[in-house]
Amino acid sequence: MAAAARSIAGFTEPVKYGVSLSPVSIRHSLASARYGYRICSLSMNGCEGDPKIPIGTVETRTFPAVGTPAMAMDRLNWAISELKSDPPGFSSGIIRLEVPIQQQIEAIGWLYAQHPLPRCYFSGRKQSNPLDFFLDFTNGDCQNPRGHKLVSVAGVGSAVFFQQLHPFSLDDWKCIKRFLSRDCPLIRAYGAIRFDARTKISSEWEGFGSFYFMIPQVEFDELEGSSMLATTIAWDDTLLWTWENAVGMVQATMSQISSFVAKLQKEVPNGFILSNYHVPSKASWDIAVNRALQMINSGKSGLIKVVLARSSRIVSTIDIDPITWLACLQVEGQNAYQFCIQPPDAPAFIGNTPEQLFHRKCLSVCSEALAGTRGRSGSEAVDLQIERDLLFSPKDHLEFTIVRENIKRNLELICKMVLVEPKKAIRKLPRVQHLYAQLSGRLRSEDDEFDILNSLHPSPAVCGFPTEQARQFIAETEMFDRGMYAGPVGWFGGRESEFAVGIRSALVEKGVGALVYAGAGIVEGTNSSLEWEELELKTSQFTKLIECEVPLS
């Protein structure tokens, strides 16, 4: 940890879960309105507190289930009023009020109907959990006591946010963890971290800082077979963010919340792309790839692989709405993560990424190696031949092996055991297929979570190898700011955390357009024109949505 510290209605009585602690010191900040959204203006930056001092109380209060979102809103408003008249006896704390809804409702449809900022969305992959194998080693204490099986989470407003300009550090992680508890597993901080915090932040990414996380004020949870509406109140007297301030702001946010849930068609209106400006251009891309190959082939720099990326500014004849786009992307990848992070005064960072960075559940942790890319074919025979070409390609095998072995070494530093299974396989997505392997292990301590994040990012899959040489090459070569593209995107929880790699992503500003990002790995044997075609393939999930109306429902 020493090395890590230096870097990255029937209104009946609710059931209570929680633990009493002691106070913490946090300040509040003020955000301004832009982009036509209503800003939930006041909140506190948890990173300005003392990570050594815990907050006074962390609680979850669950009320009886209701039939509709409107009924859930009524019950929450009543509960907030009751709390306001009988405040908790702590100078600091965080309380989550939640109302189950007796029907499964899409969280993204709820989010589409809301207008306050900031907002967030996170949807996990629809595949079996590889951590199940390791739960035997956790003495059974990791299971969620209330059996929640989250499908996706949407949130607006921030009960508390976490943001700085300096690189994400151990203290920042501790500041986030102070607001979380194993006894309150659904109090989570959702957000993203820059790919490289040492590079200058460009204007389009200024609202994110070096990292941005938020615990939502109002949250809609889509569960398997049901749903849940929740609100979270966080406060601290010592930094002028009192209980009265916090509960007042939650009431103000609730007054802006709609109980309407949109039935999204998961398709965009007819339209086409007016302009698609790439940075770098094809000519500049060829120069950068050839320069990288010269360094790799010379052997003098030690560089074995570097991942170069492209930013494409898209302007279309239709108004691109980030939530509509995200809903369309859900159909593009049932075996992928979908996310949206939008701070106040910032565009929305959305994505549909197939790549997991890590998933921790108590002492169990898993990650994965993903590298090498081929397209898909509508013909089963042709698709199988493409798969075989990928499996037996020396260039792609080299790229994949670099990624897998690097992740394995990093996990072995913090795990008692590490399993790699399968050694090399194919993961198929609607448009592309990749070489793939799953890695699982058992941590020595849950406090090693920051070390996981710090060691696994950036992986050779999005940066290169050796890491520092590749990072420097990217910083010197690329002519745009990656921002959160290829950085960690996900959430921290009290007993569980999960992060994806922010690839297959875009920065979207409604009424303006989008910046779409994609990258390709450069190793010995790379052909720059083929890699450019790979970039086109990866960004096609975005561009195809605009070029014509696509029935995705």
What closest approach, in Å, do Gly46 and Cys175 show between heavy atoms, and which atom pair accounts for it?
-> O-CB, 3.5 Å

Give the ring-plane orientation class for His166 versus Phe211, where under 30° counts as parallel, over 60° as perpendicular and anything between as tilted.
-> tilted

Centroid-centroid under 6.0 Å between Trp235 and Trp241 rings = no

May I ask you to check whether Arg504 and Thr539 show a side-chain donor-acceptor distance below 3.5 Å?
-> no

Here the gap from Ile323 atom CD1 to Leu111 atom CG, rounded to the nearest 0.5 Å, amounts to 4.0 Å

Distance flag, aromatic centroids of Tyr485 and Phe349, threshold under 6.0 Å | no

Asp481 and Ser202: side-chain donor and acceptor closer than 3.5 Å?
-> yes

Using the six-membered ring of Phe63, assess whether NZ or CZ of Arg75 lies under 6.0 Å from its centre and within 45 degrees of the ring axis.
-> no

For residues Phe162 and Phe179, establish whether the separation of their ring centroids is below 6.0 Å.
-> yes

Just checking, Arg310 and Trp532: is the charged tip under 6.0 Å from the six-membered ring centre and within 45° of the axis?
-> yes

Kindly say whether Lys361 contributes a backbone atom to a donor-acceptor pair with the side chain of Glu496 at under 3.5 angstrom?
-> no

Under 6.0 Å between ring centres, would you say that holds for Phe499 and Phe358?
-> yes

Can you check whether Gly209's main-chain N or O pairs, donor with acceptor, with Gln164's side chain at less than 3.5 Å?
-> no

Are the aromatic rings of Phe260 and Trp110 close, with centres under 6.0 Å apart?
-> no

Do you see a donor-acceptor pair shorter than 3.5 Å between the side chains of Arg374 and Gln433?
-> no

